[in-house]
Structures are given as C-alpha cells and as structure tokens.
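Structure first, then comments.
Below, all heavy atoms of this structure are taken into account, side chains as well, without hydrogens, waters or symmetry copies. Within every chain, numbering begins at 1; the chains are lettered A, B, ... in the order of the sequence lines, protein sequences first and strands thereafter.
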Amino acid sequence: MKQDKSFGNSLANFIIYSFLILFGISILFPFYNMVLLSFASFEDSMRQGLYLWPHSFTFDNYRRVFMDAQVMSSIRVATLNVLFGTSLAMVLTIFASYVLSRKNLPGRRGMFYFIIFTMYFSAGLIPWFMVLRALGFVDSFWVMTVPNAMSVFNMILMRNYFLSLPDSLEESARLDGAGEFVIMWRIIVPLSAPIMATVALFYAVGFWNQWWNAMLFIQDVNLIPLALLLRRLVIDNSIQFGDAMGVAQLAQEGIRVHSRALELATVTVATIPILCVYPFLQKYFTKGIMLGAIKA
Amino acid sequence: MVVDSRADRARKLLRRIYTCRYLYFIFIPVALYYLVFAYAPMFNPQTGGILMAFTRYRLHASFSDLEWVGLHWFTAMWSRPDFWHALRNTIIISFGRLVIEFPFPIILALVLNEVTRSKPKRIFQTIFTFPHFLSWILVYSILQDLFQFTGAINTIRIFLGFEPFMFLANNYRFPNLALLFGSSIWRGAGWGAIIYMASISGIDSSLYEAAKVDGANRWHCVRHVTWPGIKSTVIVLLILACGNIMNGGFDQIFQFRNAVNRNAIEILDTYVFQMAFGGTMNQSFAAAAGLFTSVINFLLLITANKISKLLGSDGLF
Amino acid sequence: MKTKRFALLAILVLALIFIAACRQNETSTPEEAPTPTAAPEDTQTPEDNQDEEIEEQQPEDREIITVSVMNWGVANSFSDDGEICELYQYVIDHFGIMFEPIDVGWDNHVELAHLWAAANTLPDIIGAADFVATPTLSSWAEAGIIRPLPDNMERFPYLYHMVRQPSVTAFDIDGQTFFIPRGNDPYPEYTAMARGIINRRDWRESLGIPIPQTPEDFMDMWRAFMENDMMGDGSIVFGVLPDSTGILNDQAFATFGDTRHAWVQMPNGDMVIPGFERSALPLMSFWRDAFQEGLVDPDFITNPSGVSQELFALGRAGTLIRQIAPLHLRLVYDRFVELTDIDFFEAVEILMPPTVPGITPQFLRGTGFWSETYFSSRLDDYTMDRVMEYFNWAASPTGIATLQFGFEGRDWQWSAEGMIEQLTDINPDTNMPFRANAMYTFAAGGMGNLVMWGGAIEYVDPSIDPRLINMAREFLDNLLENYEFTPVDNRLRAINLDEVNEMPLRVSEEFVAFMTNSTATSHEELWEQFHSRWVANGLQRAYDAMTAEVAARGY
C-alpha cells in the first residue's frame, strides 16, 4: 500500500503512534516493576514502593517455585489439558456454530435458546458436583477439560463470523453436491482462519489456567495442573509469613520468600509459555484475506 | 394469491427438516454436552435442583421433605435499603462500563489496524495482552503502590503542592468509578481487541482496493469499509454486554471494596456475598440471589436483541 | 488435502494424549504405605515417654487401623513413595493407626467439605473446619454424617479437659459434643488472640513523653510522633497504624467498654450487639477524632494482611495495634531484625490501654479455639476410641512438643524451669536448632497441627526469644491483675437464626465508615444517622429474633 505523504496522514500517524506508545508504556512500566520484584530478595520485597532499578538480585523466588517436586508433572498435565481440551472444544464449538448459522434450519431459534439459557441459569455448585461425581470424574484426568469443553460466548463469536461469510459459497458448494460435513470442514472452516485462531486461543488460555475443576475433583498429585499448583504455593506461603495463628509453626524451613515476590514469580512462570505461543497465532488474525480469489 | 393450507405448510416444514437432517446429527454431541453438564444438574433430587432458591437447603434431603420457604430469601433481600442501593450502583456501574469500557477495545483494534508495518503491530498487540493474565488481586496491588495514601501519585501531588487524597478509600463516586473503569480498560482492552482484530482481518481486502480507487482516504476507509465489517461483531458483543448488566464485575469490585468506598461501588453480587457468606454459607440464599440477577439479565438480553433487530441489524438471534 | 492432513494430525495427537493420560493413571503412586510389621523392639525411638495417665496397650496386641484424614496441607506429612519417617513409625507403633491423607488447601477446604458432605464422601477425620457457629454443624449432625465423641471421655484426660469447657459444651447437640476443638487450651487465661498496643518506646522517651494514661495522652503522643521527624529524613510518619480494620473495635481498647461484634444479654433480657449500641460511641468518636486529625495511617484500610509489622519496623508509625501473643510478637520482632539495626527490646514496649473516665472496662476471655475437627459417622466406636487415643497424646504437652520438636530425650527435653530445651544441631538456614518439621516428614505437613496448633506451646517454645514470651506474659498478667475478665458465652454463638445470619452489617466496617466520615456532622448526630441505617437494614429484627430465641431457651 502506497503511503500517502500528506500532512493529514503524518498527523494521523503521529496521533496513532503516540496513543499506542503511551498505552504500551502504561503496561510495560508496571510489568517491568513486577519482573524486577520477582527477582528481589526477601528483605527488599518488604520495602513497598515502585522499583526503578534492582536493589538486589536473587533466583530464590523462582527456585521456590521449581523446588516443588510436582512442578514438572503439573506443567505436563497443563499441556495435555490444553492440547486435548482445545481440540475437543474446537470440534464441539465448530459443530454448534455451523449448525446454528444455517439460516434455513427449522428449530434454529429453539436450539439457540437451549444453549444460551445455560449461560444465564445454572443449578449451582453442589448439583453439578454430584452429576460429575456420578459420571466418574472424581480424580480423573478428563475432569479438567470435558465439563468445560464448550463456552457459549466463544460459540456465539464463531457463529457470528460464519454468518458474515457470503451465502454464495455455500450455495455453489451444494450445487456441486457437497454434504453438510464437507461444507463445514472444507469450506467454512478454512475460510474462517481468524476466528478459528481467536477461539482456539481463548480456549487454550482457559485450559492452561484451569484450576477450579482440579481443585474440587483431583486428589492424585500427578494430576494437578500448573495453575492449581502455583495457586496453592502462593497461598501456603502467605499463610506462613502473613499470619501467625500457629500455622507459622509449620513453615517449611529453608528458602524464605515474600508472598508478593513469589506471586509475581508464579505469574511469570505461568504466563511465559502463553506469550511464546501467542506470536505464532497472531498471523491468523492480523492479515487480511482475499475472499474474491478463493471464490474463483 | 394462493395461500398455503395448513397441510401444505406442514409438508413444507417436514421437507425442510428432511433436507437439513444432517445438521441435526451434527448438533447431537453439542446437545448431549449441555444436557449432561448443564441441564442434568438442574434436576438433581438432593438439592431440589433449580428450586433451591425457594427452599431451605438441607443436607441429603429428598424431594419429598424439602422445606418450602417460598419467597423468603427474596424478601430478605428486598427488605433492606442497602440492597436497593447496591442495585442502583450496579446499574450505574454497568452503564458506565458500556459507555466507557466497551468502546475501548474497538478503538484499540481500529487504531492498531492503521499500523501497516507488521512487526510493530505484532509487538504492540502482544504487549497489550499482558495485563489480561494478572488476577485482580495483583492488579489491585499495583494500584495500591500507585494510589494509596503514601503511594507514588500522592507523592507527586505533595510535590506539586496539593494535599494527598485517598484514592482507594473515599466516598465519592467519580474517583472510584474512574479507578474501576480505568483499571478495567488497562487490563482488558488488549485482550478484548483480539476479537475485533480477527473480525477486521476477515474483511475482504478487495473492498479496500475498491474504496481507494474511488478516492477514499484513511478515515473514509475506516468509516466505510472497516467499520461495517466489524459492525456485526460489535452488535453481538453489545447485546451480550446488556445481558451482563446485573453483574457489574464481581471479581474486580470484590478487591476494590472496603468500608469507605462501599457506598459508591457496592454492587449486588458483593452485597449478596456479604449476606450469604457472613459466616453461614447459605446455599439457598445464594441460589435465590443468583436467580434474581439471572432472570433480569436474561430479560435484558432479550430486550436488547429485540431492539437491535428493530434498528435493522440481525441482532444476536 | 489440507483437511485430511490436519485430521490425521489431530487424531494422532489425541491418541498420544489418551495414551499419556492412561499411563499417568497407571503409574500414579498408591497412597497406602507397605504394611509395617514393627514390633516394639524394632522401633528406633528412644525410651517410651508416655504420661502415666494414658493407658498403654501393647502395640502388638492390636491390629493396625487406617483412617482417612482431611486437613490443610496434610499430604505434605506423607512422602509420595510410601516411605515412613521415624515419627510416623512411632505413631504407628504406639497407636496402631495409619493415615490416608486427603489434601485440602486453606482456600478451598470449606467448599470441599460442603461438597463432600453432600456427596456423602467425607473423610473419616475432618480436620480443616471452622463451622462450629454456623448451621453447618447442626445440619451435619442432623443428617447423621458426623458422629459424637465417645462416652467416658475421662479415659482421654487431655481431650476431656478441653471438651468439657463451657466454651465447647455450648455447642452440644442433645447433650453430645460433635467435635474436638483445635486451640491453645493449655493457657486459657491468655486468650490466644490477645490484642495490645505496641509502641516505639525509643521515640517516646526521646521526646520526653511519659507513658500515656488517657485517650488524650495517646493522641498527644501520636501528634508528637508526627511533628518531630522521627526517622530523621523527613519521611512520612504516622501516629498509629492499626493492623487491620477488625482490630479497631477489638480488645486492644476494651477500656472503652464492650465494642465487639458479638451477642450480649442486657440485664432486662434483651439481646444486643455492643458494637452497634450507643455505648460504643466513645470509642468510635475517639477513632474519628484521631483519623480526621490525620494521626492514623489511612492505608490501613486497604493494606493486605501481614504488612503492618513490616511498616512498623520501617518506621511508618509510632504505634502498632496488633495481636501480642508470643508467636505474633515474634513476627514483629523478626521484621526489626531483618530490616533495621534497632534493638527490639530497647525500642519497643507494650502499653496498657488508656483509662477512660466514666466507662467500665469490659475485658473478655475468648473461646480458646477457632477451628475444630469432626469425625465421620462411618467410624465405629472401637475405631473412634483408637483415634481418640492418638488425639489425646497429640493434645498432651509431650505430644505437642513431639510433633513440634521431635523425640523427647533425643531432640529436646524439659528444662528445670519447665521450658523446652532443644538438643538438635543448628540448622544453617535458620540459625536455630532443627525442628520436627525439618527432620520428620510426618511433622512437616498438616498432621503437625491436626490436633493442636503449635501456638499451644508458644509460651514455652524455645524458638521464640524468651524475652518476647516475657513481654507478652507480663502484659497479660498486668491486665489480669487490673481488670476483670468475663468469659464469653458460646451458647449464644451456637444459635442460628435467619434474621441474624442475613444481617450483613459488621461492626468493624461500621467503625471504619464512621471514622472516615469527614463531614461536619457531630459524633452524636452521625451515630444517629448510622443507627437508623442499621435498623432499616435489619438490626432491630435481628435483635428481636435473638431475644425471643434466648428467652425461649431460658438462658
């Protein structure tokens, strides 16, 4: 695209970049602080206030995180959750979105209500727990993914995208004798790369950070996912140092870490894998596509 | 004009169903999923399922000996002025969010789209998603460093000759809402922009070419190509947001709330939390409160949908 | 083409995941340790040191029973590969009990307990609980999922001593006790939650201020702290820093009368909550005056828990209002050691609360426990007795000390003064002798505090500087000498009424709202406004319901 060199254009560029840079700094500065703090010693973590440059440098906080024997296994569990859960969720969501985006389907309204009703009304924690228990999900690997396999919100997003695709694509495919399955997988899905990437990202991050189901159902230490492990780590640690109550007597002797620094270290550990994967997905929703060419 | 008879219409309907039969097959796994994980719990005999809001929850009760209390939990809520005050706050805050927070990711996506070089675009995009991964506890602690009475902002205020101000614990609406909305935007705009960016990239780029040929400048492109392209996404998300008005953002407000600013920011969910969990964990009460907000939310959703259809769009459904 | 490749890849990935997941289940470690066959001679423990009162059964007479136990961090007490540490072996040998840990966290134990109760899968020993004053206790007892303690608890003297206290029997259902309290019972005179006023004596003396006696004296002292650049570098110093919002109306200032959030019976039989009564106005006014003058660090309202001692050590305020039991004092002491060069014992004092003319002080002795252990109804009487035997030992001074410090005679011993003397080597990480939680896995996790908190021995704990213990003890003895202590009637906590449970008001919150009110309204007028708001939101309804109920029960 040729750059228009007019003054209006430069002014627009200036405003745009200023806005983005300002917003970016407002985010980077606290994060810079946080990363510094995650490398701070116990004593320095106690002196509150914003860091501009490091007073001390220690790996203690990160060591505390990785000291736990379960860390590697929990990372493996979380990875498996992401791979399996995202796949299952994408399949179900694509099915639902495709079906509900076919405009001539009788009963479409009712089916949609059927799903969206669940977004607003639920039976509560105890009945849900009982049902899952009856189905054998206690202490099972699948409990972290299957019950959360569908998000109505994501399905609505995907359906909306499908609806924006031109009808002519579907019609010409039908004329060629294609069945529903073929249309769904070979035409609609490939053309929806941006929404596929987006929804997959949403699901993947959700499964990576999943801890609630695990907390309620998992006792087996080999099945604890990363998010739950880190959460417990921070809470246990803050009990030891924040609140006497006799629990302080339980303090594991050894590395002393301040709860705030430890929390930041855990957030960094949990988030870095996502940020590594994210750039690879970005290209799916930043480039434009040439619908016209595909049609031909 | 010949009008179809009832029999004709029925036959046409059956015909359509038959044509679409595979679609129903595809939908079966989805229906099963919701039946098992969402609807089955509603009929759980032990707790009275969906009726829990009208009974008093007792351990291991069967359907027959559930104690019916009717609207007791609801009147317990409605009889307190603080409840209505919290409701008012909820509406004010939710509308504020709609007006102030909602457009921000859209604007961000549109602005980012104007960056043509892909490398800075991706860098900005990645950076903007960072705060999404922080819990509200962490975000609040960052705000504390900045805004507490002895924090950085007040230090600057003193330096400039002003009195320090208790940003985090005051009874005025404006500073509290500013902090709420501001931190919410900070945290969520980048992540929320992703979906809009995905929509934008779904716009046929030949449309841009055509617009350029017609002499459109950047602003015209945005107004006449980009904006219509994402309009349907915006409307869908807006309708969903309307269906969320009664919620108001529990996670965030729970962190921010204290004895001093509660007048300004107490919402329904936090107020109910005080009532239900002030030592008792009353399941039925929580169920009743949840039912109250859900019903209103659902009605708002349907209303918003109808209105958007009247205004000419496709709405949500 | 692309679709097919993608589908194949997906199937491959899913298959791999499936295989991996199955493999995980197979290799998950069994929770049961190999059954031990140790006869008493095989144990490596030093001489048996059971107290005479505990019946000693020969271990080889009895079979080993296994019970499941739920408690915070209990899984940390057992090694993953089934290895049994010396301390656990000792327990197995002497009590014939093995444990199956059900791990719960601090944050989720309430939720999990409720879910498991609904599903009827509660573990045998339910150790992480704080239900006693809620309807949960009665609903569980009524549903028959927890069982009462055995008859003849005199057989277990240490437990008997704990459970026959009125603070415990107040929660009896049909004359039966359904839990073992977890608390600091050996020292009932010293409420574990004793609150006090911790002050910078060095600052006070350097300014020539005598020990404050009246509320005005305290405000003068705080003013002086703020006006005299105590840190020497112009940094912000406040007069007083409350540790939390809850501490304002609690016993630190009980000389202002009873201002708690608790039920009290008036002479005419009416039930009221003193914190909402007009009698609380003097203390509320005191705090409002102090706050509006700027003497109170405003950030106490939003500070997270656990930072007040850090701030105090760093000179944020001259006075800290906090719990002052030895373990709590040690938290403050540690911060001084870590962050400053100041000699804590020269610089810090605990002040007696101010005398307030015209008001009768109202010091209360607390309940002594704030969490409990329940027992599933699946336990038959025989098993229950065996469990009680273990609990009794773990509640005895020797038992508590063993779980905290190791084996008597080898790792520690009683000194002539009745304190605990550690005999282990110095741990290089902490510069203190090794404790049980560093030497024995069993003591390192939730089993260590299942029966009693470590706080039960805080007054004889060698890891706490004896000067700290003396500070706490002196202060509390002083209080006991000068003031009447009224025991709290727990029967009132045991009453559960809708009107009471649904009332969302908290005295501490109202105190903070009152004190931060910066309008020109006078204290009396403001209190009237607050009071009418409280009544409109259900205060009087709660009062009436409680009064009627108490009258019906004949208390």
**Item:** Contacting region of Ile137(B) [heavy-atom separation from chain A under 4.5 Å]
**Value:** side chain
**Prompt:** Side-chain donor-acceptor pair under 3.5 Å between Arg218(B) and Asn9(A), yes or no?
**Reply:** yes
**Heavy atoms from other residues, nucleotides or ligands near CZ of Arg15(B) exceed 12 (cutoff 6.0 Å)** = no
**Message:** I'd like to verify something: which residue of Ser199(B), Gly151(B), Ser141(B) has the highest number of heavy-atom pairs under 4.5 Å with chain A?
**Reply:** Ser141(B)
**Message:** Counting only non-hydrogen atoms closer than 4.5 Å, does Val111(B) touch chain A with its backbone (N, CA, C, O), its side chain (CB onward), both, or neither?
**Reply:** both
**Item:** Residue part contacting chain A, namely of Tyr24(B), when any heavy atom lies under 4.5 Å
**Value:** side chain
**Message:** Under a 3.5 Å distance rule, please check whether Ser294(B) uses its side chain to pair with a backbone N or O of Tyr120(A) as donor and acceptor.
**Reply:** yes
**Message:** Within the structure provided, determine whether Asn148(A) and Phe37(B) are in side-chain contact (heavy-atom separation under 4.5 Å).
**Reply:** no
**Request:** Select one option (side chain, backbone, both, neither) describing which atoms of Ala149(A) are under 4.5 Å from chain B's heavy atoms.
**Result:** both
**Request:** Decide yes or no for Leu316(B) and Ile116(A): does some side-chain heavy atom of the first lie under 4.5 Å from some side-chain heavy atom of the second?
**Result:** yes
**Option that, when pairs with chain A are counted at under 4.5 Å, heavy atom only, ranks first among Thr155(B), Thr129(B), Leu13(B), Leu291(B)** = Thr129(B)
**Request:** May I ask you to test the Ile115(A)-Phe27(B) pair for a side-chain heavy-atom distance under 4.5 Å?
**Result:** yes
**Request:** Counting only heavy atoms closer than 4.5 Å, note whether Ala31(B) contacts chain A via side chain, backbone, both or neither.
**Result:** both
**Item:** Least distance between heavy atoms, Val131(A) atom then Val36(B) atom
**Value:** CG1-O, 3.8 Å
**Request:** Would you check if Cys20(B) and Arg102(A) make a side-chain contact, meaning some heavy-atom pair closer than 4.5 Å?
**Result:** no
**Item:** Phe104(B): ring-ring contact (aromatic ring centres under 6.0 Å, His included) partners, not counting sequence neighbours
**Value:** Phe23(A)
**Item:** Straight-line distance of Ile195(B) CD1 to Thr198(A) OG1, nearest 0.5 Å
**Value:** 5.0 Å
**Request:** May I ask you to test the Ile127(B)-Phe31(A) pair for a side-chain heavy-atom distance under 4.5 Å?
**Result:** no
**Message:** For the backbone of Arg122(B) and the side chain of Gln282(A), can you confirm whether one donor and one acceptor N or O come within less than 3.5 Å of each other?
**Reply:** yes
**Message:** In the structure I gave you, are the side-chain heavy atoms of Ile142(B) and Met34(A) within less than 4.5 Å of one another anywhere?
**Reply:** yes
**Prompt:** Is it the side chain or the backbone of Tyr33(B) that comes within 4.5 Å of chain A heavy atoms, both, or neither?
**Reply:** side chain
**Request:** Pick whichever of Phe124(B), Tyr22(B), Trp219(B) has the most heavy-atom pairs under 4.5 Å with chain A.
**Result:** Phe124(B)
**Request:** Count the heavy-atom pairs under 4.5 Å between each of Leu134(B), Ile17(B), Leu23(B) and chain A, then report the option with the highest count.
**Result:** Leu23(B)
**Request:** Taking all heavy atoms of Thr126(B) and all of Tyr278(A), pick out the closest pair and write down the distance.
**Result:** CA-CE2, 3.8 Å
**Prompt:** So which of Val295(B), Val30(B), Asn297(B) has the largest heavy-atom pair count under 4.5 angstrom toward chain A?
**Reply:** Val30(B)
**Request:** Count the heavy-atom pairs under 4.5 Å between each of Leu207(B), Leu108(B), Thr19(B) and chain A, then report the option with the highest count.
**Result:** Leu108(B)
**Request:** Mind telling me whether Phe317(B) and Tyr113(A) have parallel, tilted or perpendicular rings, with 30° and 60° as the class edges?
**Result:** perpendicular
**Request:** Classify the ring geometry between Phe298(B) and Phe121(A) as parallel (under 30°), tilted (30 to 60°) or perpendicular (over 60°).
**Result:** perpendicular
**Item:** Lys103(A) with Asp314(B): basic N within carboxylate O range, under 4.0 Å
**Value:** no
**Contact residues of residues 237-245 of chain B (partner chain A; heavy-atom separation under 4.5 angstrom)** = Leu237(B), Leu240(B), Gly243(B)
**Prompt:** Do Val152(A) and Tyr34(B) come within less than 4.5 Å of each other through their side chains, counting heavy atoms only?
**Reply:** yes
